[in-house]
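Worksheet: one structure, shown below.
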Amino acid sequence: MLPTVNLDDERFENIMEKARKTIPNLCPFWTDHNYHDPGITILELLAWLKETQQFHMDQIGSDHIRKYMMLLGGSQRHIIPASSLITISQLKKQEMIPKGSRFWASNIPFETTDIRYLAKSRIERICTVDADYTVGGNRLHIPMFGNDPAPEVSFYVGLSAPLERDKEHRLYFVLYHGYPVKRPLVGKSKSFVPLASLTVEYYYDGAYHPMEWWEDRTHQFLEDGFFLLHFKKDMDPDDQGCYWIRFTLKEAEYDVPPILERISLHELEARQMHTLCEYHRFWWKPKEPPLVETDTFLGNFGSYEIYLETSDGFQRYEGDIEKRESQGQVRFTLTGDLMEEAGEGMLLCYDEALGDKRLLGYGDGFPDQEIEVDISQLCAEGLELLVETKEGSGVFELWNRVEDFSGCSALDACYTYDEENGILSFGNCIRGRVPRGQILMASGHTSLGAGGNVKAGTIQIYEADASRISIVNMEDAKGGKDRETLTECRERVNRELGRIERAITYEDYETLVRRTPGLMIEKVRAIPANQKVKQDGSFDENQITLVVKPFSEKPRPMPGKAYLKNIINMLEPRRLIGTRLNILPPEYIGIRLFVEIETDANYRQVKQKMGEALNRYFERQENNFGQMVSYGAIYGIVDGMENVTTIRSLSLDAQGNMIRRSLNGDILLPVNGLAYLEEWDCMISSVG
């Protein structure tokens, strides 16, 4: 947490009092300290000046705060569009959905993030090692590779119709995550070692053959995500007319078995945004008609202009253009008169509703120009401008957005955009150039930020043709955030500075292990060096020993090789230079207990209650590495039970590495030991 420094911490009276007290030491012959003395008058003047300077030094403006945040590696976060998954059903025919296609939740637009081909097929059956399931509209709960995943176990997906070859198809998997320990997302971690490996095959020519190309974004079914599939052969049906895809485990070190809750063949990724304008650059060769292709919604349905590069910049092409659309792709061919030299071009597509608002204003050639943009909720991210090189020239160049002008030179074509007030700002000829002429939007979109986090079931309209398909978002849209205020930015930077990213203390090591991507860590403990004493009484101060217990629904789990490798990959770049890492698995110590008692009640009832009390004690023991099994504590549990009158004998026994006993009969475990109640028995005799 950054400390809050108060520079205006002294008042006039305090300053004067300090000054008076220093006079005898600095100037002993100055003896008159009353108000009429001219020296005191000068001191009062200087004290007033000091107080005034302190006040102004303590007034840090918003511009300064932004600069300080940038020095600390943070800047104000811009509007973030919400994300949603849209499920397509009831396809009447195959569909090609262009990138940027618009879906609506009432009057809130969502746009797809990429082009998608949707086959006229549906998932009908799911087969596992244990059962065969018919897929309906309800949530599933299917252990994909059984409750104990092992190599060569397969999971089958049955389709109603074949998936077309040479197209990209996607299966979306939703997995069960309702465990008490959460799994940190793998995301784009490059150091993650998979906990499993698998093969993907599909059925044709009477057998299963390897999929020619596939991509797994679920990280071997650890997270919700897509499987991308490409077929090079035509799928064949089985005897029942079903078309099959098979996933087979080759290696498996799962902590918990993957459990399927939902699977979809027609799932689209979308963001809550409305693209107003976009551009695509292309290169054309001499004596060949320039050709540009795009797969976006605006390329299909929006207005467009083409600019060709000259020695001075981009100039609008006024000749003939031939436009053709096929399978979601749009091709623009320039058939008019062209320059003989090859060059670069730009296809600029924009929403017809944008109209004249695409012209944001005119540069007047003066420094520090500001233009108010008349487009509500225009986002800073993705905003780019085409600016005339000089007024009336018709030649444009691309200008880029920056956070501020501090890193810009006098020749840099840059600008800033204030989302809150909708203001474009340009340079002053020292930091950033000044515009002269038309200022056009080259790319940009609007978004509602947090207002786009709509509820499940609200996205129901497809703009291109609502009658062809049925759509719905099965889950709430999420992730949308409004523009960050300066106060929120400061709080976030403070949190990020306080986030542990380097392993210094033992607690740092434990925190980082729990954050290891893809692993469900139930318990971790860093063992202090002085607890790992060698036989000669010495210990290694530079060795960091960690004991890790993975979460599992099985009793007494052990971390596998991939688990340990991931922990090492997490800690290695974050440890102190000179330290060494040692990861220990848990050492499970089975405790056997026998007790002989006298009771004045029904022996079955007493034995049941005693078993419950002992199990509660050992459940606590199993969550604490190296915890001593106390003979006195167990004796107290038995002795304190209702109806037990006498304890005739109580014995504890244990087997394992490095187990010791104290003089009191306690069982002392190794630093990585976890005690559990292996077996117990009770001999009961009744009083009287």
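Taking the charged nitrogens against the carboxylate oxygens, Glu381 and Arg401 do have a contact shorter than 4.0 Å, which makes a salt bridge. Here Glu488 does not pair with Arg490 in a salt bridge; the nearest charged N to carboxylate O distance is not below 4.0 Å. Using a 4.0 Å cut-off between a side-chain N of Lys or Arg and a carboxylate O of Asp or Glu, Lys250 and Glu152 qualify as a salt bridge. Between Asp132 and Arg125 a salt bridge is recorded (basic side-chain N to carboxylate O distance below 4.0 Å). Ion pairing between a basic and an acidic side chain is recognised when a charged N comes within 4.0 Å of a carboxylate O; Glu267 and Arg262 show such pairing. Residues Arg170 and Asp114 are paired through a salt bridge, judged by an N-O separation under 4.0 Å between the basic side chain and the carboxylate. Ion pair Glu572/Arg574 not flagged as a salt bridge, since none of the NZ, NE, NH1 or NH2 atoms sits closer than 4.0 Å to an Asp/Glu carboxylate oxygen. Ionic pairing of Glu484 and Arg77 is present here: one or more N-O contacts between side-chain nitrogen and carboxylate oxygen are shorter than 4.0 angstrom.
Judged by the 6.0 Å distance and 45° axis criteria, Arg165 is not positioned over the aromatic ring of Phe231. At least one test fails for Arg246 against the ring of Phe155: distance under 6.0 Å to the centre or angle within 45° of the axis.
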Worksheet item: Would Thr248 and Tyr208 count as a side-chain contact (heavy atoms from CB on, under 4.5 Å) if you check the C-alpha gap in whole Å, the side-chain angles of each, and the deciding distance to 0.1 Å?
Response: CA-CA 11 Å; Thr248 303; Tyr208 283 95; over 6 Å; no
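Looking at Lys554 and Asp148, their side chains come closer than 4.5 Å, going by heavy atoms from C-beta outward. The closest side-chain heavy-atom distance from Leu512 to Ile500 is below 4.5 Å. The closest side-chain heavy-atom distance from Pro670 to Phe625 is not below 4.5 Å. Two residues are said to be in side-chain contact when any heavy atoms from C-beta on lie closer than 4.5 Å; Phe103 and Ile471 meet this criterion. The shortest side-chain heavy-atom distance between Leu222 and Leu195 falls under the 4.5 Å cut-off. Residues Arg525 and Tyr506 fail the side-chain proximity criterion, which asks for heavy atoms closer than 4.5 Å. By the 4.5 Å heavy-atom criterion applied to side chains, Pro98 and Asp295 are not counted as neighbours. The shortest side-chain heavy-atom distance between Ser121 and Leu163 falls under the 4.5 Å cut-off.
Residue Lys182 qualifies as enclosed at atom NZ: its count of foreign heavy atoms under 6.0 Å is above 12. Heavy atoms of other residues, nucleotides or ligands lying less than 6.0 angstrom from NZ of Lys549 number more than 12.
Side chain to side chain, Glu278 and Thr296 meet the donor-acceptor criterion of an N or O pair below 3.5 Å. Side chains of Glu111 and Thr275: a donor-acceptor N/O pair is present below 3.5 angstrom, by distance only. Donor-acceptor pairing under 3.5 Å is lacking for the side chains of Glu403 and Ser75. Residues Thr128 and Asp130 bring no donor and acceptor atom of their side chains to less than 3.5 Å of each other. Between the side chains of Tyr563 and Asp255, at least one donor N or O lies within less than 3.5 Å of an accepting N or O. Under 3.5 Å, the side chains of His445 and Gln377 contain no donor-acceptor pair of N or O atoms. In this structure, a donor-acceptor pair under 3.5 Å is absent between the side chains of Tyr117 and Glu168. Side chain to side chain, Arg122 and His266 fail the donor-acceptor criterion of an N or O pair below 3.5 Å.
The distance from the CD1 atom of Ile108 to the CD1 atom of Ile459 is 9.0 Å, given to the nearest 0.5 Å. To the nearest 0.5 angstrom, Arg515 atom CZ is 5.0 Å from Met570 atom CE.
Aromatic ring centroids of Tyr202 and His209 lie 6.0 Å or more apart. Side-chain rings of Phe247 and Phe227 approach one another, their centers coming within less than 6.0 Å. Remark: aromatic rings of Tyr203 and Tyr243 are distant, center separation not under 6.0 Å. Taking the six-membered ring for Trp and the full ring otherwise, the centers of Tyr172 and Phe226 sit less than 6.0 Å from each other.
Asp482 places a side-chain N or O within 3.5 Å of a backbone atom of Ala450 that can act as its donor or acceptor partner.
Checking Thr516, Asp508, Leu546 one by one against Leu571, the side-chain contact (heavy atoms from CB on, under 4.5 Å) holds for a single residue, Leu546. Screening Tyr415, Trp399, Tyr279 for a side chain to side chain donor-acceptor pair (under 3.5 Å) with Glu384, the sole residue that qualifies is Tyr279.
Taking the six-membered ring for Trp and thresholds of 30 and 60 degrees, His274 and Trp104 have ring planes more than 60 degrees apart, a perpendicular arrangement.
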